[in-house]
Every structure is written in C-alpha cells, then in structure tokens.
Protein chains: 2
Amino acid sequence: MHTLHVELGARSYPVYIGRDLFSDPELLCRHIRGGQVAIVSNETIAPLYVPRVREALGERQLITEIVLPDGEQYKTLHTFEHILDRLLRDQHNRSTTVLAVGGGVVGDMAGFAAACYQRGVDFVQVPTTLLAQVDSSVGGKTAVNHPLGKNMIGAFHQPTAVLIDTDTLHSLPPREFAAGLAEVVKYGLICDAGFYAWLQRAMPRLLAREEAALAEAIERSCALKADVVAADEREGGVRAILNFGHTFGHAIETAQGYGNWLHGEAVAVGMVLALRLSAQRGWVEPGAVGILEELLESARLPVNIPPDMPPSSFLDLMARDKKVLDGRLRLVLLRAVGEACVVDDVTTGELELLLRAAVGRADTTC
Amino acid sequence: MHTLHVELGARSYPVYIGRDLFSDPELLCRHIRGGQVAIVSNETIAPLYVPRVREALGERQLITEIVLPDGEQYKTLHTFEHILDRLLRDQHNRSTTVLAVGGGVVGDMAGFAAACYQRGVDFVQVPTTLLAQVDSSVGGKTAVNHPLGKNMIGAFHQPTAVLIDTDTLHSLPPREFAAGLAEVVKYGLICDAGFYAWLQRAMPRLLAREEAALAEAIERSCALKADVVAADEREGGVRAILNFGHTFGHAIETAQGYGNWLHGEAVAVGMVLALRLSAQRGWVEPGAVGILEELLESARLPVNIPPDMPPSSFLDLMARDKKVLDGRLRLVLLRAVGEACVVDDVTTGELELLLRAAVGRADTTC
C-alpha cells in the first residue's frame with residue numbers, strides 16, 4: 001500500500017492506494033470519529049463492495065445505507081435532497097461520517113450532501129472507478145448538475161481520507177475504464193511530459209489492467225493532483241489547469257444529455273480540441289495532435305465531436321461555463337506538452353475556425 | 001457611521017452601522033468586484049429598499065432581481081433552487097455578487113445560494129430587520145429548513161461586507177422588532193453583564209426606536225458576535241454559546257410550524273427555559289429568572305411555552321437538534337449572568353422537571 005498526503009493545513013488528509021484495503025478494518029476506522037456512518041453508494045456498486053465496507057466498519061451505533069440509482073442523469077438536487085432526507089430521518093448528528101462508495105457521481109453527491117448536512121460533516125471517499133480514483137475523489141470538489149450546466153451547484157468540501165482499492169478496477173466495464181484513462185492522460189499533458197511518455201509505452205499494460213501499471217498510473221495521477229490542489233485549494237489560480245479539455249467536454253456532455261457520453265469520453269474529445277487550439281496558435285507542434293489522438297484511440301476513447309453538434313451550440317454552451325469571468329471565456333491550453341496555461345484571450349474567430357474544422361472531421365469519420 | 005471588523009484572516013470583512021448608508025454609493029460598490037449583481041429580497045422588503053440599492057449600484061453589466069415570498073415557511077430547498085435557477089438563466093458567472101436585502105430568512109437563503117452557486121460566489125448582506133442586523137447577517141451561517149428540523153441544510157459562507165442601515169428599523173412591524181430584541185438580550189446574558197444591565201435601563205428608549213439607543217444596541221451586539229465568531233468560525237467550541245435558548249426555541253418553532261412563531265419569540269421562551277435550568281442547578285439566583293421575564297415582557301416578547309406542547313414533544317424534537325453529539329444533548333446554560341457555558345450532562349430527569357413546571361405555568365397563564 002502507498003500513502004500520499006494532500007497538504008491543506010488543518011484540512012490535510014491521506015490518500016491510500018493498494019489492494020484489498022478493507023482486509024485491515026483499522027485503516028478505515030481510524031478516519032471515522034463517531035458512532036454514526038452513512039454509506040452512500042449506487043445500485044451497481046452497492047452489492048459488490050458495501051458488504052466488505054460494512055464488515056470493516058464493525059459494530060456501530062448507527063449505519064445507514066443510501067443506495068442511489070446509477071448514472072450521471074441522477075446527479076441532481078433531487079437526489080441530493082434524498083440523501084439529506086435519509087440522514088435526517090435516521091437522526092444523524094454533526095459527528096456522523098458520510099462514506100462514499102462508488103464512482104465520481106456518487107462521490108460528488110455524497111460529498112455535497114456531507115458539505116451541507118448541518119453545515120458540514122465528515123466525509124470519506126472510497127472511489128471504485130478509475131475516473132474517481134485519479135480525479136474526483138481527491139481535491140474536495142463536490143457538486144450536482146443543473147439542466148443549464150454541469151456541476152453548477154456544489155461546494156469545496158475536503159474528505160478526511162481517500163481509500164483507493166485497486167482491486168475494484170477488475171470489475172469495471174471497459175467503457176468506464178477507458179473514460180478514467182482520459183483523466184490520466186490529462187495529467188501527463190498538463191504537467192508531466194515524462195509521465196505522458198510513460199503512458200504511451202504503458203498503455204497496453206494498463207488496458208490489460210496489470211496491477212503494477214495501474215498502481216503506478218493512479219499514484220502518479222493522484223500525486224500530481226494533490227500538488228495542484230495543495231497550491232490552490234479553491235481554484236483561484238493554478239488549479240484551473242486541471243480543467244484542460246473540460247470546457248469543451250462539458251459542452252458535449254450538456255448537449256448530449258448527461259449520461260449519454262461519459263465524462264471521460266467528453267474530456268478526451270475536449271483535450272483534442274484544446275490541443276488543436278494550442279497548435280493553431282503555434283504553441284505546440286501540429287504532430288502532437290496526432291500523437292494524442294493515437295494514444296486516446298488506443299485507449300478506446302473518442303477523438304471527434306458528436307456529429308450533431310454545430311459550432312454555434314458549442315459557443316452557446318461554453319458561454320455558460322463556470323470558467324467564464326466577466327464575459328471572457330477562460331480556457332486551458334498547452335504552451336508545450338507537460339506545460340498548461342490559462343488564457344482568456346481566445347477569440348470567437350479562433351473558436352469558429354477550430355470548431356468548423358472539427359465538424360468537418362466528424363462528418364468524414366461518420 | 002461606525003465600522004466593526006470580523007477578523008477571520010483571508011475571510012475578514014467589515015460591518016458598517018449607520019443611517020442612510022446608500023447615499024454614499026461608494027460604500028457598497030467597493031465590495032462588489034465584478035460587473036454582475038444578483039439582488040435577493042422578498043415581496044415586503046423589495047419595494048421599500050431595492051430601488052435605493054439599485055441606485056447605489058449604478059450602471060452594471062447585469063443586475064438580476066430575485067424577489068422571494070415573505071416568510072420563514074419559504075426558507076426551503078425549493079426556494080434555494082429557485083434562486084439558483086435564476087442565476088443560471090441569467091448566466092451569472094463566478095465573479096458575480098449576491099446581495100441579500102432583507103431579514104434573516106432572505107440572508108440565510110441568499111447566503112446558502114451564494115455558497116453553492118458554482119461552489120461559492122461573493123455575498124454582501126444588507127439586513128433590514130433588527131434580528132438580522134444583530135445576529136444572522138454576521139458570522140457566515142447560511143441555511144434552509146427541512147421538515148424534520150430548522151437550518152439542517154446549509155453552509156458556512158462569510159459575506160464580504162455587512163451594511164446595517166438603522167433607518168430600515170423605522171418601518172419594521174412591532175412584533176418583528178421585538179423578536180430582534182430577544183437576540184440583543186441574549187448577548188447580555190451570555191457574555192456581557194454590563195450590557196445586560198444597560199438593556200434593562202435602555203429598553204424604553206429602544207422600544208421608542210431612539211436612534212442613539214438603537215445604534216448602541218446594534219453595535220454592542222455585533223461586536224460581541226464578531227469576537228465570538230473570530231474565536232471559532234465553524235462552531236467547534238465557544239461559538240456554541242450563541243445558541244443560548246435556541247435548542248428549546250428550535251423545538252418550539254418546529255412544533256408550531258415555521259413562521260407561526262417568530263424565531264426571536266421562540267428564542268425568548270428558550271432563554272427563559274435555559275436560565276430556569278441554570279437556576280435549577282443552583283448556578284444562578286432564582287430571582288434572575290424573574291428579572292429576565294420582566295425584561296422580555298417589557299419588550300413584548302413571550303416567556304411561556306405554547307400551551308399545546310407537552311414535554312414529550314420537546315424531548316423528541318430536541319433529540320434531533322444539530323447540537324446533539326453522539327447521543328448527548330448539548331445545551332448552553334449560564335454559570336452566572338454574563339457567563340455562558342456548554343454542557344452535555346443534562347439528564348432527561350432534569351429536563352422533565354423543567355418542562356413539566358413550564359407546562360404548568362403555560363396552563364395558568366392561558
């Protein structure tokens with residue numbers, strides 16, 4: 001087992017990465033300070049992992065199991081309210097701990113409920129998808145979606161611990177596994193060219209879900225994320241680079257309806273667009289786009305925009321993005337592979353040029 | 001105009017107290033960093049003050065007015081969602097400022113919406129009731145109610161400024177004015193015996209709404225609250241003393257249905273009960289209860305529990321209070337007038353004795 005630390009002063013917490021983490025109940029129990037626990041999971045994950053988590057919890061004064069429907073389309077204020085209803089009905093108090101067992105959707109909603117229940121209770125993340133393990137479980141971003149935009153309602157609420165059991169990846173469907181790889185690729189692109197090069201070599205072993213390669217990819221991703229979060233907890237500055245590919249990606253997710261495209265799939269296409277824009281500005285070699293497309297395709301990820309999305313739809317949806325400040329769209333681009341920067345001077349003309357070409361490619365490949 | 005400061009490091013903010021604060025637009029505008037503002041108010045308050053606030057705001061890129069129905073019964077997740085819908089529909093971004101113009105209900109909901117919109121945007125409080133001016137506008141507590149308990153869903157989200165215009169009190173209905181005085185009395189009881197003595201002398205001038213007495217009462221209340229909040233922002237310790245009378249009070253509000261008893265009215269009765277319990281323990285002179293009842297009655301506040309609330313109903317509702325930790329009810333009592341303490345060893349027997357006697361008194365006076 002490896003342990004990383006997210007350094008945030010009084011809100012610091014450990015991230016444990018390893019196999020079969022629940023065989024040692026002490027690891028989980030040391031992060032639960034009261035006698036009350038609420039396990040939040042979903043219909044797909046609960047039967048697989050909740051019994052093991054319950055066993056590790058041992059005897060408790062109160063354990064509530066909250067099983068949500070599975071899917072991004074349920075990441076709503078309505079489901080958030082359902083979690084709070086259950087906590088209140090079972091009389092959970094301020095010293096309770098909310099335990100999220102599942103992917104990013106479960107973690108985001110359980111975390112937001114923990115942030116708001118009685119103005120904030122403890123929260124432990126047990127991410128069971130690659131996406132959640134390398135991205136959403138670390139950093140304290142919690143949220144639900146709104147029909148007008150993704151993650152528009154939420155809070156910064158750091159967990160007290162993150163337990164990443166790599167064994168959970170063996171039951172992950174291939175499409176979801178690939179979606180997680182998109183975020184792993186992102187870390188290489190934005191801040192570690194060496195890791196990016198390693199990924200190009202290691203992709204076959206990752207796709208075969210070889211334990212050592214998985215642990216290495218997860219640990220390097222979490223370490224990079226922990227550094228960025230420690231430097232900028234509430235996204236006042238450098239943390240924004242973690243959104244590389246996400247502004248385009250969110251537009252795709254919103255246009256297609258949540259749950260039809262997986263987040264990682266939309267981010268994969270978004271990264272291609274953002275890299276292409278960086279190349280259009282002459283910041284990276286045009287050949288870098290082909291290398292990225294090849295890497296993503298080898299990971300079974302899409303690289304083209306949905307054929308039914310005209311540029312105007314992108315532009316409208318991007319104008320509503322959280323990264324818009326005083327009317328200026330902020331985008332993450334690459335100065336070079338491994339070096340991201342945030343810009344707010346991208347013109348509508350540049351975007352139209354980029355998106356028209358992208359539509360052309362999407363038409364050709366369909 | 002007087003200026004206090006709530007000292008919370010990077011989250012410090014000023015509290016301005018004075019007359020006609022909007023005649024100097026600069027005062028408000030220095031706390032609004034972007035071109036977008038959302039004014040949240042209610043049907044009663046909006047016609048009285050929103051035009052003056054709008055004038056002080058001058059020309060802006062975007063001003064959204066969100067006018068809520070008036071009353072504690074609307075302090076719900078449903079109204080919270082309505083505020084967020086409006087912000088999204090008008091495409092407010094992360095640099096927007098939410099401006100709460102109204103009483104505690106408006107401030108709590110606007111503040112919670114500001115806390116959650118895009119994971120947190122700026123928030124300025126313009127409290128227009130005495131209760132909001134001396135209590136809820138300072139300290140960063142925001143929340144909505146749930147059918148199973150008051151303020152159960154919320155966040156700590158500090159404002160960037162609080163503007164207390166004492167002129168707004170002249171249009172406040174007598175019952176709401178009295179409800180605010182309950183919290184003023186609370187500050188004296190929990191931490192300033194001198195202020196408590198002053199209140200007993202100054203009550204006639206306060207009831208006549210004499211400017212100098214009002215300004216003095218508001219400033220001393222805010223200063224006491226600012227000190228407590230600076231020492232303990234998230235209620236890990238000393239801040240809990242601000243809940244003096246509130247555990248009993250919340251039980252009354254919940255049992256009677258939000259909005260039927262005003263918060264300050266319920267707190268007035270709650271303070272009498274908490275002081276009586278302190279006397280029952282021999283910590284304060286029995287005569288102190290009579291002095292408090294006389295002071296509250298002179299301020300036209302209730303001192304007896306609702307006649308239809310049996311002790312069992314109190315005990316059930318109090319068990320759900322946020323101040324319950326690991327099954328132990330935490331209550332604020334007085335060691336002496338001006339000196340509050342938090343205890344977690346009150347027995348059911350003590351509470352039954354207290355409440356049975358209280359029911360007896362309520363029956364007699366009805």
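Residue numbers start from 1 in every chain, and the chains themselves are labelled A, B, ... in the order their sequence lines are given, proteins ahead of strands.
Using a 4.0 Å cut-off between charged nitrogen and carboxylate oxygen, A/R94 and B/E235 count as a salt-bridge pair.
Residue B/T96: no heavy atom, backbone or side chain, is found under 4.5 Å from chain A. Heavy atoms closer than 4.5 Å to chain B are found in the side chain of A/L77, but not in its backbone. Of the two parts of B/R89, the backbone and the side chain both hold a non-hydrogen atom closer than 4.5 Å to a non-hydrogen atom of chain A. Both the backbone and the side chain of B/L88 have a heavy atom closer than 4.5 Å to some heavy atom of chain A.
In terms of non-hydrogen atom pairs under 4.5 Å with chain A, the most contact-rich of B/L87, B/L84, B/T142 is B/T142. Chain B forms more heavy-atom pairs under 4.5 Å with one residue of A/E81, A/H157, A/H92, A/R234 than with any other, namely A/E81.
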**OP:** Please lay out, stage by stage, how B/L148 and A/Q91 fare under the test side chain to side chain contact (heavy atoms under 4.5 Å, CB included).
**Re:** CA-CA 9 Å; B/L148 293 178; A/Q91 301 195 13; over 6 Å; no

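A/A143 and B/R119 get closest at one heavy-atom pair: CB-NH2, 3.6 Å.
Shown here is A/Y74, whose OH atom has no more than 12 heavy atoms of other residues, nucleotides or ligands within 6.0 Å.
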